[in-house]
Amino acid sequence: MISRIDLRGEALPEGSALRDLLPRAEFDVEAALEKVRPICEDVRHHGAAAVIEYGEKFDGVRVEDLRVPAEAIARALEELDPAVRAALEESIRRARLVHRDQRRTTHTTQVVPGGTVTEKWIPVDRVGLYVPGGRAVYPSSVVMNVVPAQEAGVEGIAVSSPPQKDFGGLPHPTILAACALLGVDEVYAAGGAQAIAMFAYGTAGGSGCAPVDLVTGPGNIYVAAAKRLLKGRIGIDAEAGPTEIAVLADATADPVHVAADLISQAEHDPMAASVLVTDSDELAAAVEAELKAQVAVARHVDDRIAPALAGRQSAIVLVTDLEDGLRVVNAYGAEHLEIQTADAAALADRVRNAGAVFVGPWAPVSLGDYCAGSNHVLPTGGCACHSSGLSVQSFLRGVHIVDYTRDALADVAHHVVTLAEAEDLPAHGAAIKARFGWKVPESK
């Protein structure tokens, strides 16, 4: 059901050599680029008509208008199961608490008397938030995208999610209800690469989508490829790949918990990665037994869980000790990393590469997916070594405001001219000299 990789007995290699020994899903965005390029070009030239055509082709349903009517959004909230509504409201409340504390403040530094540099944080004007559909329904992704954008102060927020044949071409009603709870009324029934292109280029017409400045949210390989293709015209959060969980555990971990957590991510997608890193043969064997028992009574086994656990991206990795285990998980850079060891907090403090870290037996990834208050839009594919998850910061731009008096400029003018001449950019120096009658003031 799940393979083993034994790294015990020899010194672990460094850097990429260690990463190459670890399981990882194959996710070739570059190969998908040529498939999405004509789609994006078609949307660029033909707008909404092209988006509608591709929705019919890929999602099996043709819509008359991409914009979801306001009454459909309101109706979805009215008809929402009260228990689901209460859960979403609590998820939103907790996410707001965490993301509100991420707000940045303007800060002014006095470099010299009369010379200041102020860093001002300005939200992007308009964002497109993508919420995937298909194998599962993700109202939680609405929460995770919308809340940090709102807390950052973004004024223009548009959400797009694939049209659903079972719901008359509208996105899933639970997604619409989540939008209603968050006060988002601009929602489009568009999915895949065509939705990203719609955000990038806009679509004309009275109910058309105006172009956005930034696109965030997870999606399949074609969404990731469209993001890569259109990056520059739009900002993007990340090229999200298949979901991942890594669990660093010792003999004190409960194999029932570990197996359940590995299955929880495997249920997303047949390419999902579930990795256990442990120094305990006994735990490895117990987790293998638990996987068989729990998978036997799970849903989504044949189309998701079984192929995910059996795939090259999932494994039990055996290490000599937890020090080596820590090196392995830092090399792996998991989207979600659980620490289930006797000294979980101490080990968690030493983790350098992970999208999010879940400490101890009572902080499973599922909590972070919904109600921890943290964000679940996280870097995948090892990108946690250089990228962060979605946050308020994702929607802000830092702008430096430079304010110098004549005396403050005069004090440093000779240095500016010297550096300009050293770089063979005499006009740079001339821009300084012109302010002082073409004679550079001497340093005081």
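- In terms of modelled atom types and a separation under 3.5 Å, the side chain of Gln313 and the main chain of Ala272 share a donor-acceptor contact.
- At least one side-chain heavy atom of Val317 sits less than 4.5 Å from a side-chain heavy atom of Leu7.
- Remark: side-chain polar atoms of Glu244 are paired, donor with acceptor, to backbone N or O of Gly381 under 3.5 angstrom.
- No donor-acceptor distance shorter than 3.5 angstrom exists from the side chain of Glu155 to the backbone of Arg126, with no hydrogens or angles considered.
- Of the possible polar contacts, none joining the Asp42 side chain to the Pro38 backbone as a donor-acceptor pair under 3.5 Å is found.
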query = Is there a side-chain hydrogen bond (donor to acceptor under 3.5 Å, both in side chains) between Gln340 and Asp250 once you walk through the steps?
reply = CA-CA 7 Å; Gln340 297 198 35; Asp250 62 13; over 6 Å; no
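- Looking only at distances, a side-chain donor or acceptor of Thr341 sits under 3.5 Å from a matching main-chain atom of Ala344.
- Within a 6.0 Å sphere centred on CD of Glu119, other residues, nucleotides and ligands contribute more than 12 heavy atoms.
- Shortest non-hydrogen contact noted between Pro171 and Ala189 is CD-CB, 3.8 Å.
- The existence of a salt bridge linking Arg37 and Glu41 is excluded, since no basic side-chain nitrogen approaches an acidic carboxylate oxygen closer than 4.0 Å.
- Between the side chains of Tyr138 and His268, at least one donor-acceptor pair of N or O atoms lies under 3.5 Å.
- Using a cut-off of 4.0 Å between Lys/Arg side-chain N and Asp/Glu carboxylate O, Glu78 and Arg75 are scored as not salt-bridged.
- The pair Lys165-Glu56 does not count as a salt bridge, with every side-chain nitrogen at least 4.0 angstrom from each carboxylate oxygen.
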Verdict with reasoning, Arg44 to Met198, per side chain to side chain contact (heavy atoms under 4.5 Å, CB included) = CA-CA 8 Å; Arg44 179 183 184 183; Met198 175 190 72; over 6 Å; no
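- Scanning both residues, Gly368 and His376, for their nearest heavy atoms gives O-CB, 3.8 Å.
- Ser314 approaches Val275 most closely through the heavy-atom pair CA-CG2, 4.5 Å.
- For Arg233 and Phe199, the positive end is not near the middle of the six-membered ring at less than 6.0 Å and at most 45° from its axis.
- At a threshold of 4.5 Å between non-hydrogen side-chain atoms, the residues Leu214 and Thr216 count as touching.
- Judged as a salt bridge (charged side-chain N to carboxylate O under 4.0 Å, His left out), the pairs with a partner in residues 219-230 (not counting sequence neighbours) are, in order, Glu30-Arg228, Lys227-Asp237, Arg228-Glu239.
- Around the CD atom of Gln110, the shell of radius 6.0 Å holds more than 12 heavy atoms that belong to other residues, nucleotides or ligands.
- Heavy-atom minimum distance, Ala152 versus Leu396: O-CD2, 3.6 Å.
- Taking the six-membered ring for Trp, His107 and Trp121 have ring centres at least 6.0 Å apart.
- Within 6.0 Å of CZ in Arg352 there are 12 or fewer heavy atoms belonging to other residues, nucleotides or ligands.
- For the pair Glu338 and Val359, the minimum side-chain heavy-atom distance is 4.5 Å or more.
- Counting heavy atoms from C-beta outward, Ile245 and Leu262 have side chains that approach closer than 4.5 Å.
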request  = Show your reasoning for whether side chain to side chain contact (heavy atoms under 4.5 Å, CB included) applies to Leu322 and Leu248.
outcome  = CA-CA 8 Å; Leu322 289 180; Leu248 177 60; 4.1 Å; yes
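- The side-chain heavy atoms of Leu390 and Met144, taken from C-beta on, include no pair separated by under 4.5 Å.
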request  = Go through the steps for Glu151 and Arg103 under the test salt bridge (charged side-chain N to carboxylate O under 4.0 Å, His left out), then give the verdict.
outcome  = CA-CA 7 Å; Glu151 294 301 323; Arg103 290 177 178 174; 2.7 Å; yes
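- Nearest heavy atom pair, residue Ala273 against residue Tyr332, reads CB-OH, 3.6 Å.
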Less than 3.5 Å apart, which donor and acceptor atoms pair up between the side chains of residues 286-296 and the rest of the protein, not counting sequence neighbours?
unit_1: Glu288; atom_1: OE1; unit_2: Arg4; atom_2: NH2; d: 3.1
unit_1: Glu288; atom_1: OE2; unit_2: Arg4; atom_2: NE; d: 3.0
unit_1: Glu290; atom_1: OE1; unit_2: Gln294; atom_2: NE2; d: 2.9
unit_1: Gln294; atom_1: OE1; unit_2: Ala260; atom_2: N; d: 3.4
unit_1: Gln294; atom_1: NE2; unit_2: Val256; atom_2: O; d: 3.2

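- Between Val159 and Val146 the shortest side-chain heavy-atom distance falls below 4.5 Å.
- A salt bridge links Asp6 and Arg8; the closest N-O separation between the charged side-chain nitrogens and carboxylate oxygens is under 4.0 Å.
- The backbone N or O of Ile263 lies less than 3.5 Å from no partner atom in the side chain of Ser274, so there is not a single donor-acceptor pair.
- Every ring pair (Phe, Tyr, Trp, His ring centres under 6.0 Å) that His172 has, sequence neighbours left out, goes to Phe167.
- For Pro13 against Leu18, the heavy-atom pair with the smallest separation is O-CB, 3.5 Å.
- Residues forming a ring pair (Phe, Tyr, Trp, His ring centres under 6.0 Å) with Tyr54 (at least two apart in sequence, or on another chain): Phe58.
- Between Arg85 and Glu89, at least one side-chain nitrogen of the basic residue sits less than 4.0 Å from a carboxylate oxygen of the acidic one, meeting the salt-bridge criterion.
- Looking at Asn353, its side chain does come within 3.5 Å of a backbone N or O of Asn330 through a donor-acceptor pair.
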inquiry  = Between Val187 and Leu176, is the side chain to side chain contact (heavy atoms under 4.5 Å, CB included) condition met? List the steps.
reply    = CA-CA 8 Å; Val187 185; Leu176 297 182; 3.8 Å; yes
task = Could you walk me through whether Asp324 and Asp279 pass side chain to side chain contact (heavy atoms under 4.5 Å, CB included), step by step?
result = CA-CA 9 Å; Asp324 277 358; Asp279 62 348; over 6 Å; no
Can you give me every donor-acceptor pair (side chain of residues 302-312, partner residue at least two apart or in another chain, under 3.5 Å) with its distance?
unit_1: Arg304; atom_1: NH1; unit_2: Glu267; atom_2: O; d: 3.2
unit_1: Arg304; atom_1: NH2; unit_2: Arg135; atom_2: O; d: 2.6
unit_1: Arg312; atom_1: NH1; unit_2: Glu26; atom_2: OE1; d: 3.1

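- Listed by first and then second residue, the side chain to side chain donor-acceptor pair (under 3.5 Å) pairs involving residues 187-202 are Glu186-Tyr188 (not counting sequence neighbours).
- No hydrogens or angles considered: nothing links the side chains of Glu335 and Thr380 as a donor-acceptor pair under 3.5 Å.
- No donor-acceptor pair under 3.5 Å is formed between the side chain of Thr109 and the backbone N or O of Val111.
- Between the Arg94 side chain and the Cys371 main chain, a donor and an acceptor come within less than 3.5 Å of each other.
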